[in-house]
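Excluded from the calculations below are hydrogen atoms, water molecules and symmetry mates; all remaining heavy atoms, backbone and side chain alike, are included. Protein chains get the first letters and strands the later ones, always in sequence-line order, with residue 1 at the start of each.
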Amino acid sequence: MKSKSKSVKKKTTKDKKESVKSIHVKQLARVEGEGALHVKMKGDEITDLTFTIFEPPRFFEAFLRGRNFSEVPDITARICGICPIAYQMSATQAIEQAFGIQVNDQIHDLRRLIYCGEWIESHVLHVFMLHAPDFLSYEDAIQMAKDHPEVVKQALRMKKTGNTLMTILGGREIHPVSVRIGGFYSVPPKENLTALLDELKWTRDAAEKTIEWTATLDFPDFERDYEYLALHHPERYAIIEGRLITNKGLDVDISEFEDHFVEMQVEHSHALHSVHRERGSYHVGPLARFVLNYDQLTPAAKQAAQHAGLDTKCKNPFKSIIARSVETLYACEEAIRIIESYEQPEHAYEEVEPRPSTGYGCSEAPRGLLYHKYRIDERGIILNAKIVPPTAQNQKTIEEDLLDYIPERLHLPLDKLTWQCEQAIRNYDPCISCATHFLKLTIDHD
Amino acid sequence: MTKSRKPKLAVWKFASCDGCQLSLLDCEDELLAITEHITIAYFPEATRTVIKGPYDLSLVEGSITTPHDAERIHQVRRSSKYLVTIGACATSGGIQALRNFKDVKSFITAVYPTPQFIETLNKSTPIADHVFVDFQLRGCPISKHQLLELVNAFLNGRKPNIPQYSVCIECKRNGTQCVMVAEGVPCLGPVTQAGCNAICPSYHRGCYGCFGPKETPNTHSLAKQWKALGIKDDDIVRAFRSYNAYAEPFQRESIAHEKSV
């Protein structure tokens with residue numbers, strides 16, 4: 001496995017004494033966390049490319065050992081302030097599976113509902129504030145707001161809808177407090193949720209306009225034959241349920257994740273790279289989900305995607321911005337559906353009895369599949385924890401994208417090329433805080 | 001401070017989850033208004049722009065966990081007029097300080113297959129252990145209302161109004177029934193600083209201390225009460241040893257119960 005990583009890192013290492021031109025992006029902006037890209041070129045050939053995560057190492061799996069199972073959703077939420085619900089949901093699912101608990105449909109729906117809030121909040125943040133400025137050549141959304149005030153104001157209002165939904169259900173948008181093993185500490189009365197319906201419907205319509213708007217952006221002509229991986233459920237657009245499937249024929253239970261995918265450590269990064277054991281890099285996130293789970297989208301989401309020219313054959317990672325917008329529309333419609341059919345459950349949670357066992361949990365974080373595994377003893381103490389965040393899974397794909405993307409664009413001025421590389425990385429909405437268990441960009445040119 | 005009179009804001013990150021700095025972007029109703037009064041000069045999570053220091057206000061997120069960061073924080077201090085730490089990691093060492101009670105080497109081998117690539121310090125320490133800090137915002141995460149109050153106070157040259165009393169006061173003010181008295185649910189509210197608006201008790205669970213110790217907390221007395229509720233020592237250790245484990249009063253209380261386990 002190690003030799004594979006080296007092959008990316010050092011495609012060819014010839015005479016290094018020749019003159020070296022270099023591009024440096026020391027700290028990649030508009031991503032969550034700290035990372036860098038370092039590219040060395042000799043003529044038209046890349047001699048070295050590393051997508052580095054230099055966020056300090058954070059030892060969550062180790063902290064979890066010896067903790068009580070009931071603390072896990074709150075502790076793992078602290079891995080990421082952008083997608084705490086993803087961590088809480090993968091964790092609760094894994095521990096409930098270990099204890100043999102099945103939550104009822106109402107609790108399951110409420111979990112999808114709070115997750116929809118996180119998808120809306122995180123997707124809108126990325127589409128408008130982190131990614132769109134690249135397409136329109138702005139340094140950030142604040143600059144963009146000077147020329148496109150309505151776009152940014154609309155984005156902030158949409159984002160607020162997602163955050164409000166999370167706050168109603170979870171007490172606050174960052175590190176919500178209501179999620180527990182077996183359900184929720186408390187569940188809201190119906191009127192608290194229906195109060196948000198008007199705003200959700202407004203956001204739904206705004207998401208439709210967002211899809212149209214993203215389709216008008218200028219997409220680089222770039223495609224790669226990815227192996228997309230996502231959860232899949234025959235009836236619902238998978239968020240917290242289903243099997244692991246890929247477009248290359250994989251279809252397995254979530255407990256078999258580690259039979260097919262393995263994490264390896266590379267010297268240049270504090271994040272572990274996850275790869276398919278035989279086929280190497282793979283792609284998780286909104287585009288993977290869209291391609292694999294198109295049939296489960298709502299009719300309006302399908303139609304909006306069609307109008308925007310996004311189909312399940314899409315291999316252009318830059319179009320993830322459209323997929324993210326389609327999912328925002330979906331998340332609004334799903335949230336409306338759940339709220340309209342909601343009846344406050346009699347019990348907010350199922351009683352939990354620990355037993356010695358191993359449990360697996362997978363859910364679709366805004367930026368892709370998030371895998372958790374816990375081994376727990378008879379007192380409910382965590383013996384062992386394993387967490388594979390989405391950015392660790394996409395990291396190798398990001399490096400490979402850049403290896404293909406850069407040689408075609410060497411005629412560009414250095415600052416433009418650098419910016420385009422950054423944009424290519426931001427296609428994946430990399431969350432570097434998550435991946436460390438971290439990013440910085442430098443390109444050396446011969 | 002040349003042609004523009006707007007003060008310059010910088011947001012710095014050390015070991016953290018990005019949640020506290022995200023709180024600034026989560027001020028959806030106020031963000032554009034804030035940028036009318038303050039220039040975002042350095043904030044990598046939100047912008048590619050890097051405007052050179054010195055900065056009038058630096059918000060620092062995260063704890064110090066690497067030799068490189070222990071150096072970097074001094075550069076941040078030198079380039080900042082006011083330095084404010086935001087969140088539990090920056091003010092108390094955060095959840096990363098769980099390593100301070102164990103051998104960090106065993107942690108590295110637990111997470112990384114090739115530990116020699118990893119450079120890290122034995123302890124995760126708050127920013128104030130390294131440089132002078134002008135003000136601290138508590139919380140895991142911080143409250144965005146307190147963040148707005150801080151920025152507002154800074155812009156108007158006054159002291160931020162951030163109370164140091166306990167979460168109990170917020171429960172009383174909100175009319176939330178005491179979960180510990182009425183339901184026997186263990187709660188860290190009596191020793192935890194207010195600021196979150198007592199969310200946990202309003203969701204029928206005990207406070208888990210994410211805003212860290214209040215002024216003069218009587219942790220010993222609270223632990224006694226917990227024991228009376230039938231809570232075991234190892235659970236008391238874990239309760240005090242979470243998001244503000246290295247804050248002195250919480251640290252002391254957790255060690256006391258560790259000994260009696």
Which bit of A/Ile142 is near chain B, if near means a heavy-atom gap under 4.5 Å: side chain, backbone, both or neither? side chain
Do you know which of A/Arg157, A/Lys159, A/Lys160, A/Lys153 makes salt bridge (charged side-chain N to carboxylate O under 4.0 Å, His left out) with B/Glu28? A/Lys159
At a heavy-atom distance under 4.5 Å, which candidate from B/Cys140, B/Gly94, B/Cys20 has the highest pair count against chain A? B/Cys140
Does any heavy atom of chain A fall under 4.5 Å from the side chain of B/Phe43, the backbone, both, or neither of them? neither
Which portion of B/Leu31 sits near chain A, non-hydrogen atoms under 4.5 angstrom: side chain
Most contacts with chain B, counted as non-hydrogen pairs under 4.5 angstrom, among A/Gln143, A/Glu173, A/Met129: A/Glu173
For B/Thr49, is it the side chain, the backbone, both, or neither that has a heavy atom closer than 4.5 Å to a heavy atom of chain A? both
Looking at CZ of A/Phe59 and OG of B/Ser124, how far apart are the two atoms once the value is rounded to the nearest 0.5 Å? 10.0 Å
Are any non-hydrogen side-chain atoms of B/Ile40 and A/Asp140 less than 4.5 angstrom apart? no
Between B/Ser23 and chain A, which part of the residue has a heavy atom less than 4.5 Å away: side chain, backbone, both or neither? both
Around B/His145, counting heavy atoms of other residues, nucleotides and ligands shown, do more than 12 lie under 6.0 Å from its NE2? no
Please examine the side chains of B/Arg48 and A/Tyr138, heavy atoms only from C-beta on, and report whether any two atoms are closer than 4.5 Å. no
Between atom CD of B/Gln96 and atom CZ of A/Phe63, what is the distance when rounded to the nearest 0.5 Å? 4.0 Å
Is the NZ or CZ atom of A/Arg78 positioned over B/Tyr243's six-membered ring, under 6.0 angstrom from the centre and within 45° of the axis? yes
Test side-chain contact (heavy atoms from CB on, under 4.5 Å) applied to B/Ile95 and A/Ile79, A/Ile75, A/Asp74, the passing residue: A/Ile75
Is it true that a side-chain atom of B/Arg205 and a backbone atom of A/Val177 form a donor plus acceptor pair closer than 3.5 Å? yes
Please state whether the side chain, the backbone, both or neither of A/Thr167 comes within less than 4.5 Å of a heavy atom of chain B. backbone
For residues B/Tyr203 and A/Ser186, report the shortest heavy-atom separation together with the two atoms involved. CD2-OG, 3.4 Å
Passing option when A/Arg172 is tested against B/Asp26, B/Asn197, B/Ile199 for side-chain contact (heavy atoms from CB on, under 4.5 Å): B/Ile199
Per-residue contact mode, A/Leu169 against chain B (heavy atom under 4.5 angstrom): backbone
Check whether A/Tyr185 reaches the backbone of B/Pro201 with its side chain - one donor and one acceptor, N or O, closer than 3.5 Å. no
Honestly, the part of A/Asn163 sitting under 4.5 Å from a heavy atom of chain B is side chain
Answer yes or no: is there a donor N or O on one side and an acceptor on the other, between the side chain of A/Arg67 and the main chain of B/Arg238, under 3.5 Å? yes
With only heavy atoms counted, which part of B/Tyr42 is less than 4.5 Å from chain A, the side chain, the backbone, both or neither? side chain
Which atoms of B/Leu32 are under 4.5 Å from chain A, going by heavy atoms: the side chain, the backbone, both sets, or neither? side chain
About how many Å separate CD1 of A/Ile82 and CG of B/Leu22, when rounded to the nearest 0.5 Å? 4.5 Å
A/Asn384, part contacting chain B, at a heavy-atom distance under 4.5 Å: neither
